[in-house]
Undergrad: 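I'd like to ask some things about the structure below.
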Amino acid sequence: MTGPVRRVLVVDDDELLREVAKASLELVGGWSVSTAASGPEAEEMARAEHPDVIMMDVMMPGQDGPTTFAQLREDEDTRDIPVIFLTAKNNTEGWHGSGLAGVIAKPFDAMRLAAQVSRLLGWDA
């Protein structure tokens, strides 16, 4: 018997990356995936859907990932949702200890993405 289906929100301004992540997590992970193209859209969706995890790009036009992460942490409806940054940046040192659940480098391996998320969140059964 399998557990409940995990709900994931993928946030990235790159439409192709959103599509690849969504397909990967649904097909390989068996999860339910929603997507958002911006920080403000992600905040709205997080409040409405309360996903099990938010995977978010760091560098987005307008409101970036770290700003969106801070906004999510200030809202009592979303502060407990784990957030994983997706980033092509190499310098991630300042994010440890910030309450971030983890960091996954881009480009990611679509076949391993669900396993990486599971490992970061302790979802391995």
Side-chain angles (χ1 to χ4, degrees):
M1 182 88 189
T2 59
V5 172
R6 302 289 186 180
R7 292 171 301 124
V8 181
L9 174 59
V10 174
V11 186
D12 201 298
D13 59 305
D14 181 328
E15 183 178 1
L16 181 60
L17 186 134
R18 288 193 312 269
E19 290 177 11
V20 169
K22 178 178 172 66
S24 167
L25 296 172
E26 287 179 343
L27 296 172
V28 179
W31 300 339
S32 173
V33 181
S34 300
T35 62
S38 68
E41 185 183 359
E43 289 178 52
E44 190 176 307
M45 291 179 72
R47 280 192 293 278
E49 299 179 9
H50 211 274
D52 295 307
V53 64
I54 298 171
M55 298 175 61
M56 183 166 20
D57 187 17
V58 171
M59 296 178 58
M60 295 183 288
Q63 184 173 307
D64 67 8
T67 301
T68 303
F69 177 62
Q71 301 276 37
L72 290 166
R73 286 297 169 262
E74 289 174 13
D75 185 330
E76 68 180 54
D77 290 334
T78 58
R79 71 173 44 134
D80 61 333
I81 302 171
V83 174
I84 295 172
F85 278 159
L86 293 169
T87 183
K89 292 177 70 171
N90 289 332
N91 185 7
T92 61
E93 294 162 16
W95 300 331
H96 299 291
S98 64
L100 195 62
V103 178
I104 294 176
K106 294 194 303 190
F108 54 80
D109 179 342
M111 296 309 293
R112 294 183 52 237
L113 187 59
Q116 286 180 283
V117 172
S118 292
R119 193 167 39 258
L120 286 170
L121 298 174
W123 289 352
D124 290 330

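Numbers here simply count residues along the sequence, with the first being 1. Side-chain atoms are counted along with the backbone in the values below, which use heavy atoms only and exclude waters and symmetry mates.
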Undergrad: How about Asp64 and Val58: do any of their side-chain heavy atoms sit closer than 4.5 Å?
TA: no

Undergrad: With a 4.5 Å cut-off on side-chain heavy atoms, are Val117 and Trp123 touching?
TA: yes

Undergrad: In Å and rounded to the nearest 0.5 Å, what is the CG to CZ distance from Leu17 to Phe108?
TA: 4.5 Å

Undergrad: Hey, could you give me the OG/CG distance between Ser38 and Asp57, rounded to the nearest 0.5 Å?
TA: 11.5 Å

Undergrad: Hydrophobic cluster membership, with links at side-chain heavy-atom distances under 4.5 Å among I/L/V/M/F/W/Y: are Leu16 and Val8 in one?
TA: yes

Undergrad: Quick one: closest heavy-atom pair of Met60 and Asp13, and the distance?
TA: CG-OD1, 3.6 Å

Undergrad: Taking all non-hydrogen atoms of both residues, which atom of Arg79 and which atom of Arg73 are closest, and how far apart?
TA: O-NH1, 2.8 Å

Undergrad: Check whether Arg7 reaches the backbone of His50 with its side chain - one donor and one acceptor, N or O, closer than 3.5 Å.
TA: yes

Undergrad: Sort and list the pairs that fulfil salt bridge (Lys or Arg N to Asp or Glu O under 4.0 Å) and have at least one residue in residues 17-28, not counting sequence neighbours.
TA: Lys22-Glu26

Undergrad: To the nearest 0.5 angstrom, please state how far the CD atom of Gln116 sits from the OG atom of Ser24.
TA: 9.0 Å

Undergrad: Check whether Glu41 reaches the backbone of Ala37 with its side chain - one donor and one acceptor, N or O, closer than 3.5 Å.
TA: yes

Undergrad: Are side-chain heavy atoms of Pro51 and Ile81 found at a separation under 4.5 Å?
TA: yes

Undergrad: Mind listing the closest non-hydrogen atom pair of Leu72 and Ala46 along with its distance?
TA: CD2-CB, 3.8 Å

Undergrad: What heavy-atom pair brings Val103 and Leu100 nearest, and what distance separates the two atoms?
TA: CG2-CD2, 3.9 Å

Undergrad: Hey, mind stepping through Val28 and Met111 against side chain to side chain contact (heavy atoms under 4.5 Å, CB included) and telling me if it holds?
TA: CA-CA 7 Å; Val28 179; Met111 296 309 293; 4.0 Å; yes

Undergrad: Taking the side chain as everything from C-beta on, heavy atoms only, tell me whether Ile84 gets closer than 4.5 Å to Leu120.
TA: yes

Undergrad: Do Met45 and Val11 touch side chain to side chain, with heavy atoms closer than 4.5 Å?
TA: no

Undergrad: Compare every heavy atom of Pro82 with every heavy atom of Ala101, then report the nearest pair and how far apart it is.
TA: CB-CB, 4.0 Å

Undergrad: Which value, rounded to the nearest 0.5 Å, describes the distance between Arg112 atom CZ and Ile104 atom CD1?
TA: 9.5 Å

Undergrad: Ignoring hydrogens, what is the shortest heavy-atom contact between Ser118 and Trp31? Give both atom names and the distance.
TA: OG-CZ2, 3.4 Å

Undergrad: Could you check whether any side-chain heavy atom of Leu121 comes within less than 4.5 Å of a side-chain heavy atom of Val53, counting everything from C-beta outward?
TA: yes

Undergrad: How long is the straight-line distance from CG of Leu86 back to CG of Leu113, given to the nearest 0.5 Å?
TA: 7.0 Å

Undergrad: Indicate yes or no: at least one non-hydrogen side-chain atom of Met55 is less than 4.5 angstrom from one of Leu25.
TA: yes

Undergrad: Can you find a pair of side-chain heavy atoms, one from Met56 and one from Thr68, that are under 4.5 Å apart?
TA: yes

